[in-house]
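Just so it is clear, the values below take in all heavy atoms, side chains as well, and ignore hydrogens, waters and symmetry mates.
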Amino acid sequence: MALTLVLLFSLAIAQGEQTIGSDCDADSFLQVNSVEETPQRPGGSWQSPADLASVPRPQRFSLKEKVDLTIISAIPTFGADGNHIALVPDPVLRGGDHTASDALEAYLKQSPVFCTGPGGAHRAQLQWTPAHTYLLCDWPAHDAQAVKFEVFLQDAKGKALGSLTVQHKPLAKKYGTMACMRDIFVDTNPHHVSEVFSGPFKQFVEWLEFHHLHGVDHFLLYTFHGAEEASKEVFTPYLRDGLASRVHFEHYPASVLVRQHYVIRDCMFRAKNHADWLLPSVDVDEYIHITGSYIYPHGKVPQDYLKTAWDAIIKYKKQDSKKIQTIKFDRCRFARGAPQQLDISSVWREGGLQEERGSHTKALPKYACNVHLAMDPHIHSTKTLPGTSLKAERDMAIANHYRSPKGKQEEYGEKFTQLPDPLASVKDEALLPSVALVEEALRKRFGEDPRVLLKRLSEKRPPSMDEAARLSANDVAALPTHSLLQESEADQED
């Protein structure tokens, strides 16, 4: 069933249109953003019936001289989590130039911006979320089933600043646990990865099958202009089978972490009113493992534990499920598996918890968040009030992190996996029972011997970030300056 979804930024921007549709439930909950200035076809070089959004390059709304509101995405959401059209301002990384964002915040503090419907109906002030990650435009709940919304931005005196026209299809289904999956890319910056190439297409399919097997109901996949074609083969089966939906950004930010923040921030509000728990930033080399059967009353971890583990941890710790926003868990580094094998077939890990590169400080955790309560996501946590975050001990939950040891600069492949890894000296076979199940899932999904598939995908290369940025040069040139800054050491994801 086809549906037309449009988001118009009409501050000197004309309306564009994109049609997507599917009989699977995943296509029902997000709008497409499209603008006339964008030269690419929405969705990039390929489209799928499960494509949910094609987001144009960031759009600037000029509030006053040297004060702009730059929106990277806009998301209508209706339900128990709130009735809003969420505007996602362009992120600024720690160590970046905060001049523009500071000017915007100072302006909004003194000169609030309002959103209204046609004719000034239901006028409401744009409200920051607690950590100033989103600007929320409250919208009447009785419009939840509407297919078109006209949103006008005004200053306090009613002067027009711009407008948005949003069309979307109401929600068809809700999920228990969802996961956000960042774009597939090559990053040769030694500050970010410990091998030149890590076989991300292989990692993608085995990670997704493992986490679906263990209880993730739905995945939001992300692509960026200039790099989306390479992902088509591995994304298509999951989009086709209704396990995933895709959001495509029609430009390519040069910074790895800017793209990751785009994904995390966009994904959070796309999950609002559609999921209970969300994995916003777990990477394709990190496997969540519930190690403590004692959190379950019957003393046994179910196969689909990611459906129930978060509530079970809260209950075991005797906390209030209506207050806990985030559950954090540490990571432990494992050696990589061979190219023709699943990474979880590797049984060798380091003895302690993973450390930050270049120090003996424990690496920052990853987390699951309560979609109903969490508001401001980051890579390693959400902005929370005291008493709203829990930490799962190592004997309760851990993320097995399959990556090379620090400083190793080798291309992933047979030679890579034959190199000595003396730091991974502790044998741990806890995930071996999942190997055959994941392999069989891959065989059914791709119609190919899993060992042949994995070996082939391990040799598949996406375009480098430089190549993708060149393909998206026109869009990159239009981005706000602070989106293009290289991230500082403080922002590096380890």
Under the side-chain hydrogen bond (donor to acceptor under 3.5 Å, both in side chains) rule, what do Ser73 and Arg270 come out as? Steps first, then yes or no, please. CA-CA 11 Å; Ser73 186; Arg270 295 194 188 279; 3.1 Å; yes
Side chains of [Y] and [X]: any donor to acceptor distance under 3.5 Å?
{"X": "Thr326", "Y": "Thr384", "result": "no"}
{"X": "Glu209", "Y": "Tyr238", "result": "yes"}
{"X": "Asp376", "Y": "Thr129", "result": "yes"}
{"X": "Asp90", "Y": "Tyr262", "result": "yes"}
{"X": "His380", "Y": "Ser281", "result": "no"}

Mind checking disulfide bond (SG atoms under 2.5 Å apart) for Cys369 and listing every partner two or more places apart, or none if nothing turns up? none
For Gly199, is there any backbone N or O sitting under 3.5 Å from a side-chain donor or acceptor partner on Ser458? no
Please name all residues satisfying ring-ring contact (aromatic ring centres under 6.0 Å, His included) with His84, sequence neighbours left out, ordered by chain then number. none
Pair Tyr252-His225, ring-ring contact (aromatic ring centres under 6.0 Å, His included): steps then yes or no: CA-CA 5 Å; Tyr252 191 93; His225 174 65; 8.8 Å; no
Exactly one of Asp183, Asp51, Asp266 should register a salt bridge (Lys or Arg N to Asp or Glu O under 4.0 Å) with Arg246. Which one does? Asp51
If you round to the nearest 0.5 Å, how far is OG of Ser231 from NE2 of His248? 10.5 Å
Is the ring pair Phe249/Phe224 parallel, tilted or perpendicular, if the boundaries are 30 and 60 degrees? parallel
How far apart are the closest heavy atoms of Ile72 and Val55, and which atoms are they? O-CG1, 3.0 Å
What residues, two or more places apart in sequence or in another chain, satisfy salt bridge (Lys or Arg N to Asp or Glu O under 4.0 Å) together with Glu229? none
Is the centre of the His218 ring less than 6.0 Å from the centre of the His274 ring? no
Lys/Arg N to Asp/Glu carboxylate O, Arg333 vs Asp421, below 4.0 Å: yes
